[in-house]
Amino acid sequence: MVYFEGFGQIIQQWYKQFKRHLPWRETSDPYLIWLSEIILQQTRIDQGLAYFNRFAENYPTVEKLAAASEDEVLKLWQGLGYYSRARNLHFTAKTITREFGGQFPKQYSDIIKLKGVGEYTAAAIASISYKQPYAVVDGNVYRVLSRIFGIDTPIDSTEGKKAFKQLAEDLLDRNNPGDHNQAVMEFGAIQCTPKNPNCAACPFCDRCFALQGKAIERLPVKQGKVKIRHRYFNYLVYDLEESTFLTKRTSNDIWKNLYQFPLIETAYKAEVESLHLESELPINNSIGDISEVTDWKKQVLSHQHIHYRFIHVQLKNKKNLPTDLIEVNKKDIFNFAVPKPVEKQLNYLNWF
DNA sequence: CATCCGTGGGA
DNA sequence: TTCCCAAGGAT
C-alpha cells in the first residue's frame, strides 16, 4: 500500500476551502447531529436537507420528538424512504428522554446501543459532537480510500469492511476527528464522486493510486448483486359520500406502519374480474361498482418492484366491509403517512 | 451473514 | 431505458 503522511492535514485544508454550509454544521448539539445522521443514512444531502429543517423546527429538542406520536413522525418522514429510520428515531427519542433524562449519551458504548444507531452513526456523533477519536466509514470513505490507496478488496465483504475500518482509524486526525471525518465524506460527495470525479483539481492527484493506474472507474470494488422481487398491488379506492377507507400496514414488510388504500396483492397482473377470488373486499357486486381502473404503474424499491394500480369503487353502503378498515373523511386523508404510490394517487385525486 | 428496507438523481 | 448508488442498520 502506498502510505503517506499528512492525509488528514491535506483533506482538512481542502474541507475548509470547499465545504458546503449546512445547518447541522452550525451546531454541536448532539440531538441535532444525531437527527442529521439518521436522515442522511443512504440519502443524499439534496434529498434530506428539507426533512432535517422540518424535523428541527417541529421538534427542537429530543423531548419534543419523544412527545410526538409515531403517526405524526412518520407523516413528517413521508417520502424519504427507509421508514424504519423514522420509527427507530422516535423510539430512541423516547429512550433518551426516559433513561437519560433528555441528555444525549456521551459514551460511545451507550450511543451505539441506541436503536437505529450503528457503527457509522455512533462514530459520527461521538466525533462531531464530542470530538472523540472514532473514525467513520461510509460509502464516501470506501470510495476515497480505495482510490487513493488502491485497495480492491470488495467493500461489501467482511474482509473489506475490516480493512477499510482499520485504515480509516490509522488515518484519523485524533486532534480534530469531527472535521477530519466530515472532510473525508465531503470530499467523496463533491470531489471524488462515483462518476466523473474532479481529478484535475484534486489535492491527491500526484499520489492517488487509482488516478496513476487508470483505475478510477474500477474502484471501489463491489461484489454483491441484489435480486429483485416483483409484486402486484391492486389498491381499492372506495368512495362513499364524504368517506373513503384506509388500512395500516402493520406487518413486517415494506412501508411498515404507513397507511394505504385497501389492497389486494396478486402474483401477477390479474384480471379485475378475478380479484374477488383473492379477497373479501367488495369490488363489483351488490354493494360496489367499479367506476375507474388506472393503468399499471411501477414503484422501484431497493429489493422489490411494485407494480400497482388503483381500482375506484363507488360504494353503496359500508355494511360488508372488513372491520379493520379505517373510515376517513376525504378531506382529512392528507394527515396520514402514505407510501409514494398512494401519495401520487392522492395528489391526482385532489381531495380537500 | 446474506438479505431486506425507499426514493430520486445522474450518466 | 437502464443502471448505479447515496453521511447504513436490523435481523
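Numbers restart at 1 for each chain; the letters A, B, ... are given by sequence-line order, proteins then strands.
- With sequence neighbours excluded, the residues that form a salt bridge (Lys or Arg N to Asp or Glu O under 4.0 Å) with A:Glu265 are A:Arg231.
- Spacing between B:dG6 and C:dC5 at atom C1', rounded to whole Å, works out to 13 Å.
- For A:Phe245 and A:Phe261, the ring centers are positioned 6.0 Å apart or more.
- Ion pairing between A:Asp239 and A:Lys330 holds under the 4.0 Å rule for side-chain N and carboxylate O.
- Here the separation of C:dG8 from B:dC1, taken at their C1' atoms, is 16 Å to the nearest Å.
- Comparing the C1' positions of C:dA7 and B:dA11 gives a spacing of 22 Å, expressed to the nearest Å.
- Look at NE2 on A:His303: it is 15 Å from C1' on B:dT7, rounded to the nearest Å.
- Taking the six-membered ring where the residue is Trp, the centroids of A:Tyr308 and A:Trp296 are separated by 6.0 Å or more.
- Using a 4.0 Å heavy-atom criterion, one finds that A:Ile39 contacts no nucleic acid atom at all.
- Heavy-atom distances to DNA chain B give each of A:Asp46 and A:Thr158 a nearest nucleotide, and the one nearer the 5′ end belongs to A:Thr158.
- Residue A:Gln304 places no side-chain N or O under 4.0 Å from the OP1 or OP2 atom of B:dG6.
- B:dC5 and C:dA6 have their C1' atoms separated by 14 Å, with the value rounded to a whole Å.
- Scanning residues 52-66 of chain A for heavy-atom distances under 4.0 Å to DNA chain C yields an empty list.
- Atom-to-atom, CG of A:Asn196 to P of B:dG9 comes out at 19 Å; the value is rounded to the nearest Å.
- One atom, CG of A:Asn252, and another, P of B:dT3, lie 18 Å apart when rounded to the nearest Å.
- Taking the six-membered ring for Trp, A:Phe209 and A:Phe149 have ring centres at least 6.0 Å apart.
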| note | Protein heavy-atom contacts under 4.0 Å, written 5' to 3' over nucleotides 4-11 of chain C as B (base), S (sugar-phosphate only) or - (none), form the string -BBBBSS-

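- At a threshold of 4.0 angstrom between heavy atoms, the contacts of A:Asn181 with the nucleic acid are absent.
- For the pair A:Lys115 and A:Phe91, the cation sits on the ring face: its NZ or CZ lies under 6.0 Å from the ring centre, inside 45° of the axis.
- Between A:Phe7 and A:Phe204, the ring centre distance stays below 6.0 Å.
- Residue A:Leu301 is in base contact, counting any heavy-atom pair closer than 4.0 Å across all strands shown.
- Each of A:Lys227 and A:Lys344 has a nearest nucleotide on DNA chain B; the 5'-most of these lies closest to A:Lys227.
- Checked against A:Tyr59 for a side-chain hydrogen bond (donor to acceptor under 3.5 Å, both in side chains), the options A:Glu72, A:Arg54, A:His90, A:Lys64 give a single hit: A:Glu72.
- In this entry the distance linking CD1 of A:Ile190 with P of B:dG10 reads 15 Å, nearest Å.
- Rounded to an integer number of Å, the gap from CD1 of A:Ile254 to C1' of B:dC4 is 11 Å.
- The backbone N or O of A:Ile254 sits less than 3.5 Å from a side-chain atom of A:Arg249, completing a donor-acceptor pair.
- Atom NZ in A:Lys298 sits roughly 15 Å away from atom P in B:dT7 (whole-Å rounding).
- Between A:Trp77 and B:dC5 there is no side-chain polar atom (N or O) within less than 4.0 angstrom of OP1 or OP2.
- Taking the six-membered ring for Trp and the full ring otherwise, the centers of A:Phe164 and A:Tyr142 sit less than 6.0 Å from each other.
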